[in-house]
Amino acid sequence: MPNLIMTKLKGQDHEKAVRAKIMSFLSKLTEDDTLPGLHIEPMNEPLDSRARTGRVDIHLRAVLYCLEPLAGERTYVYAGTWEHEEAIKRARTRKLQINPVNGIAELIEAEPAVDAPAPAAPKVWTESAQAGAAPSSFLTEKSYFVADLTDEFGFPADLAAEAFAAATEDELLAFASDLENEWQSGVLLGMAMNLAISQIKESLGITEADDNAVVTEPAVADEVAEPDRTEDERLVEALKHPAAQMQFTFIEGEEELQRVIDGGDFGAWRVFLHPDQRRYATRSYKGPFRLTGGAGTGKTVVLLHRAKHLAEQHPTHRVVLTTYTRALADNLRRDLERLDPDLAQASAPGHPGVLVRGVDQLVAAVRDAAGTGFGAAAQSVLGAVVESRGAVVANDSGWDDAVDDADVDLPAALRSKSFLSVEYLQVILANRIVTKDDYFTVRRPGRGVALDRAKRAQVWAVVEQYRKNARIANRLSFAEVASVSAAWLEGADGESPRTFADHILIDEAQDLTPSHWRFLRAVTASGPDDMFIADDTHQRIYGQPVVLSRLDIAIVGRSRRLTLNYRTTEQNLRYALGLLEGGTFIDAQGGEEGVAGYRSSRLGPEPKSLPTQSASVQFAVLAAQVKSWLDAGVDGATIAVLTTSNNAAKDVHDALDHHGVASTILTNAKQSGDRPVILTMHIAKGLEFSRVILFDISEGSFPTPWSLKGVAAEDRDDVMLRERSLLYVAASRARDELVVTWKGKPSELLLRSE
Ligand SMILES: Nc1ncnc2c1ncn2[C@@H]1O[C@H](COP(=O)(O)OP(=O)(O)OP(=O)(O)O)[C@@H](O)[C@H]1O
């Protein structure tokens with residue numbers, strides 16, 4: 001039975017009925033390619049003697065390349081389904097070859113009569129000739145040479161010259177996004193990011209990435225030259241090159257074929273990984289590893305592939321995939337099933353296979369497993385044995401009562417629940433402080449307010465009162481449950497330590513509290529590939545920055561960044577990044593995180609601002625915008641209105657209704673139905689939509705008045721930073737079009753990108 005390789009090509013988003021015909025054609029082809037009904041025909045005077053076309057229906061033909069490796073099955077590379085004429089033209093004028101410079105399999109186009117020459121750098125392009133010849137070239141301005149493209153990467157000379165003809169970054173990105181070979185777009189995007197040639201080569205897997213210090217073994221064995229292999233065998237190998245796998249995929253079985261055909265561009269993440277993504281998904285690391293990257297750079301995609309990879313490599317291991325909320329975990333579980341419906345998912349914590357849970361769900365499961373041991377373990381965290389089963393409350397509740405009951409003399413800033421709850425989380429629970437003496441001596445890095453001994457004594461009095469009140473009411477905060485569960489896992493109940501995972505993969509890690517981190521460290525056996533952390537410092541919308549080394553999670557030297565944005569257009573990306581200007585963001589290593597280097601391979605319209613003068617006009621403008629998309633045939637479910645609060649979401653729903661537009665309010669991150677959706681900016685975290693409207697980003701409405709209510713002056717900057725991040729999260733949900741509305745004056749956080 002012949003093998004099949006599918007190719008990702010532009011212009012292949014077929015309707016359902018056509019997809020069914022393609023499926024039928026290809027499944028017959030892989031059963032028996034000699035069936036007469038397939039009409040597999042060679043070309044007349046082709047550029048590539050392997051080229052064939054086959055009959056999909058009366059109008060459509062598939063383009064195929066037939067490889068005959070000596071050892072192994074015949075292999076067809078499917079290069080799309082096209083109208084009859086176009087299919088014949090493509091099959092005659094395109095050749096599947098191994099790029100002579102970089103070894104990547106590629107499709108090149110040329111006139112059939114001409115023997116395809118090996119690409120060579122035009123001699124005229126010397127340093128000085130180039131400077132004179134193309135003064136307005138974007139790539140020249142970035143100090144690249146045409147020879148970089150031709151000699152270093154194997155671009156054909158004409159294509160390299162066209163790339164150098166792009167005068168601006170946008171022109172170059174537009175050119176790159178039209179190229180047929182993904183690896184070529186990858187090189188040009190790398191240049192747009194101003195990467196060194198060696199970095200681009202590493203990123204595309206042309207040379208081995210220089211990070212062996214952090215991996216337990218080289219991921220890919222060096223290619224050994226085999227002179228007796230046929231050209232077709234070499235081509236099959238070149239199709240497995242990491243950069244070729246951005247575009248070509250080997251199909252195993254009918255179900256996978258169906259998934260690839262039905263998935264189209266939206267399903268591309270399941271199959272066509274960037275070499276960087278594939279490396280992070282499959283490499284073995286000596287210890288905790290952190291993958292960071294802006295919104296939409298494919299961090300979640302890497303986590304999903306890595307979970308699958310680890311489960312397949314180690315069928316008896318416990319692989320846990322976790323994230324900040326339960327609803328986000330539900331989405332991860334759904335996507336993992338889409339990635340591989342047959343993947344073994346664990347039924348409960350501690351079982352082999354992949355377990356997907358929100359972090360507090362995991363904590364709850366461990367608490368249940370601990371039984372009475374949980375209460376005993378609390379001694380080391382809270383200084384008292386607690387009831388094993390009690391109510392769980394928010395981390396910031398109970399502080400106002402504690403202040404009143406303790407009757408302390410503290411300045412307003414130190415009496416606020418925002419200060420006290422954060423002090424408790426970041427300092428007291430993080431360090432398992434149970435006595436006043438310990439609190440007197442503990443270091444408090446990163447805390448805005450300095451506390452002298454007298455103030456510490458007063459704060460400690462409130463903490464003791466808070467704990468006393470909690471014992472009387474038989475309640476614990478979420479953070480306390482996580483901290484005590486961590487202690488139980490470590491054996492604080494007097495038993496041996498235990499773990500529930502061999503590998504833990506963490507999404508949205510920037511939002512986790514120190515208690516979560518202590519728990520995640522304890523729940524996972526230490527060793528190779530123990531923790532894989534995906535975060536984006538710029539998307540921290542809850543809590544405070546956490547420096548992982550202070551919590552015994554060593555990621556120094558094992559931290560990498562993804563920069564290619566797969567979600568949004570370049571225009572939306574720039575707008576969203578512009579919203580971060582003016583903020584100082586501290587990452588998980590305690591350093592400052594910048595926004596340089598992010599690029600998208602897709603272009604689209606500039607984000608649109610819709611200023612209005614009153615609430616009613618703003619609603620009318622919003623409704624008109626949604627209607628215009630619906631009238632243009634946009635699928636309703638891909639349109640989202642993001643609001644600053646639940647109440648605003650209700651108002652928008654009613655207003656749209658009033659203007660004749662039916663919509664649905666989303667109260668958690670689970671998407672459903674076919675109407676436009678309305679959701680808060682917080683709930684939009686981790687989601688994406690084709691069209692997004694940020695509604696009422698007005699002075700006085702955003703930042704919301706309650707986000708700053710009762711916040712100590714010292715903590716105000718951090719609240720503003722989180723609000724800025726929230727706006728960035730919201731704006732970065734838009735794949736294709738972004739619209740921002742306000743009434744009166746725009747929010748101060750919007751002004752920078754206006
Ligand atoms: N290799 C790929 N090919 C095609 N699409 C991809 C690829 N990788 C990621 N994507 C798509 O890009 C979008 C963003 O990916 P993902 O959600 O993994 O990014 P993220 O970095 O986790 O984003 P965020 O931090 O905003 O949640 C998704 O639609 C995903 O399917």
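For ligands, and for the atoms within them, numbers begin at 1 and follow the listed sequence. Predicted, not measured: the structure shown is a model, and the values here were computed from it.
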Ligand-protein N/O pairs under 3.5 Å (ligand 1):
from	atom 1	to	atom 2	distance (Å)
ligand 1	1 (N)	Phe272	O	3.0
ligand 1	1 (N)	Gln277	OE1	2.8
ligand 1	8 (N)	Gln277	NE2	3.0
ligand 1	17 (O)	Arg567	NH2	3.4
ligand 1	18 (O)	Thr300	N	3.2
ligand 1	18 (O)	Val301	N	2.9
ligand 1	19 (O)	Gly298	N	3.0
ligand 1	21 (O)	Thr297	N	3.1
ligand 1	21 (O)	Gly298	N	3.1
ligand 1	21 (O)	Lys299	N	3.0
ligand 1	21 (O)	Lys299	NZ	2.7
ligand 1	22 (O)	Thr300	N	3.0
ligand 1	22 (O)	Thr300	OG1	2.6
ligand 1	23 (O)	Gly296	N	2.9
ligand 1	23 (O)	Arg567	NH2	3.2
ligand 1	25 (O)	Lys299	NZ	2.8
ligand 1	25 (O)	Gln539	NE2	2.8
ligand 1	26 (O)	Gly296	N	3.2
ligand 1	26 (O)	Arg567	NH1	2.9
ligand 1	26 (O)	Arg567	NH2	3.2
ligand 1	26 (O)	Arg733	NH1	3.3
ligand 1	26 (O)	Arg733	NH2	2.9
ligand 1	29 (O)	Glu688	OE1	3.0
ligand 1	29 (O)	Glu688	OE2	2.5
ligand 1	29 (O)	Arg735	NH1	3.1

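Within the 3.5 Å criterion, the main-chain N or O of Ser177 finds no donor-acceptor partner in the side chain of Ser601.
Minimum interatomic distance between Glu737 and Pro605 (heavy atoms only, all atoms of both residues): CG-CG, 3.7 Å. When every heavy atom of Glu581 is checked against every heavy atom of Arg724, the shortest pair comes out as O-NH1, 3.0 Å.
Residue pairs meeting the side chain to side chain donor-acceptor pair (under 3.5 Å) criterion with at least one partner in residues 533-546, sequence neighbours excluded, are Arg290-Asp535, Thr292-Asp535, Asp536-Gln539, Thr537-Glu593, Gln539-Arg733, Arg540-Asp718.
Taking CD of Gln184 as the start and CZ of Phe155 as the end, the distance is 5.0 Å to the nearest 0.5 Å. Rounding to the nearest 0.5 Å places CD of Glu106 at 8.0 Å from CD1 of Ile104.
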